[in-house]
Amino acid sequence: MITSINDNNKDFFQMVFEVVKLIPSGRATSYGAIANYLGAKRSSRMVGWAMNTAHSNPEIPAHRVVNRNGLLTGKMHFQTLTLMQELLEKEGIIVKDDKIVNFKAVFWNPMEELA
DNA sequence: GCAGTGACGGATA
DNA sequence: GTATCCGCCACTG
């Protein structure tokens, strides 16, 4: 459970980090899901923006965050283009053509898991 | 201060 | 199912 979500002292990107860090291995979520969980579903771009700053933080499993299509849109921001896919496959997530095949199965909804 | 841009999402055609 | 458009908020030039 994230207690800091309701803590307005933390910035938006900080809250995003908290959620992303709680994503279990072998699961993945979407920017929209996080944005929605944070009460800013209209600002899904902000989640992406937050992740942009997150790629510098080794504690943030950014590879588990993809867009609503399960597409690895941010793979280009990783150290290597294949790193994101490798990490996902390493966790049991099947990635094909830069997108998560069984995305629906591995989808991790913070609203349900953290509610 | 204005305009362009971005790891997106949803609605519409 | 694919293609476009718009909104969203923050950052950069």
Side-chain angles (χ1 to χ4, degrees):
Chain A
M1 184 58 192
I2 303 176
T3 57
S4 56
I5 290 300
N6 294 323
D7 187 351
N8 291 324
N9 292 326
K10 295 205 171 191
D11 294 314
F12 181 80
F13 64 87
Q14 186 62 52
M15 300 196 298
V16 173
F17 296 164
E18 301 259 347
V19 176
V20 176
K21 285 193 290 187
L22 291 180
I23 300 174
S25 178
R27 304 291 291 284
T29 190
S30 65
Y31 303 95
I34 296 174
N36 189 30
Y37 179 70
L38 297 178
K41 66 177 183 180
R42 303 256 183 135
S43 305
S44 52
R45 298 182 96 116
M46 294 304 92
V47 178
W49 165 72
M51 297 315 293
N52 191 284
T53 67
H55 74 68
S56 300
N57 297 279
E59 293 183 34
I60 312 298
H63 61 281
R64 292 177 190 155
V65 183
V66 296
N67 67 354
R68 84 163 197 86
N69 298 313
L71 193 63
L72 281 59
T73 53
K75 66 168 189 168
M76 56 178 77
H77 293 279
F78 280 75
Q79 299 178 335
T80 65
L81 255 51
T82 57
L83 181 61
M84 190 174 188
Q85 180 174 331
E86 289 177 6
L87 290 173
L88 290 172
E89 292 181 331
K90 190 176 180 181
E91 297 178 354
I93 297 177
I94 299 178
V95 178
K96 181 171 183 146
D97 194 30
D98 295 334
K99 91 176 186 264
I100 298 175
V101 178
N102 55 341
F103 182 56
K104 185 177 182 181
V106 301
F107 182 71
W108 181 77
N109 192 333
M111 303 268 276
E112 297 178 357
E113 304 293 338
L114 303 178

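Just so it is clear: chains get the letters A, B, ... in the order the sequence lines come, proteins before strands, and each one is counted from 1.
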Could you tell me how the ring of A/H55 sits relative to the ring of A/H77: parallel (under 30°), tilted (30 to 60°) or perpendicular (over 60°)?
parallel
Heavy-atom closest pair (A/F107 atom, A/A33 atom, distance to 0.1 Å) is CZ-CB, 3.8 Å
Rounded to whole Å, the NZ-C1' distance (A/K99 to B/dA7) equals 18 Å
Measure OH/A/Y31 against P/B/dG10 and give the value in whole Å, please.
14 Å
Please work out which residues in residues 66-87 of chain A have a non-hydrogen atom less than 4.0 Å from an atom of DNA chain C and list them by number.
none
Specify the separation, in whole Å, of atom CD1 of A/I34 and atom C1' of B/dG9.
13 Å
Can you tell me if NZ on A/K21 sees more than 12 non-hydrogen neighbours from other groups inside 6.0 Å?
yes
Can you tabulate the close N/O pairs, meaning under 3.5 Å, that link protein atoms to atoms of nucleotides 8-13 of chain C?
residue : atom : partner : partner atom : Å
C/dC8   : O4'  : A/R42   : O            : 3.2

Decide whether A/L71 and A/V101 are clustered together by the hydrophobic rule: side chain heavy atoms of Ile, Leu, Val, Met, Phe, Trp, Tyr closer than 4.5 Å, transitively.
no
Determine the minimum heavy-atom distance between A/A105 and A/R27, stating which atoms define it.
O-NE, 4.3 Å
When all nucleic acid strands are considered with a 4.0 Å heavy-atom cut-off, which category describes A/A62: base, sugar-phosphate, or nothing?
base
Backbone of A/Y31 reached by a side-chain donor or acceptor of A/S44 within 3.5 Å
no
What closest approach, in Å, do A/M51 and A/V65 show between heavy atoms, and which atom pair accounts for it?
CE-CG2, 4.0 Å
Heavy-atom closest pair, residues A/F17 and A/A54
CE2-CB, 3.1 Å
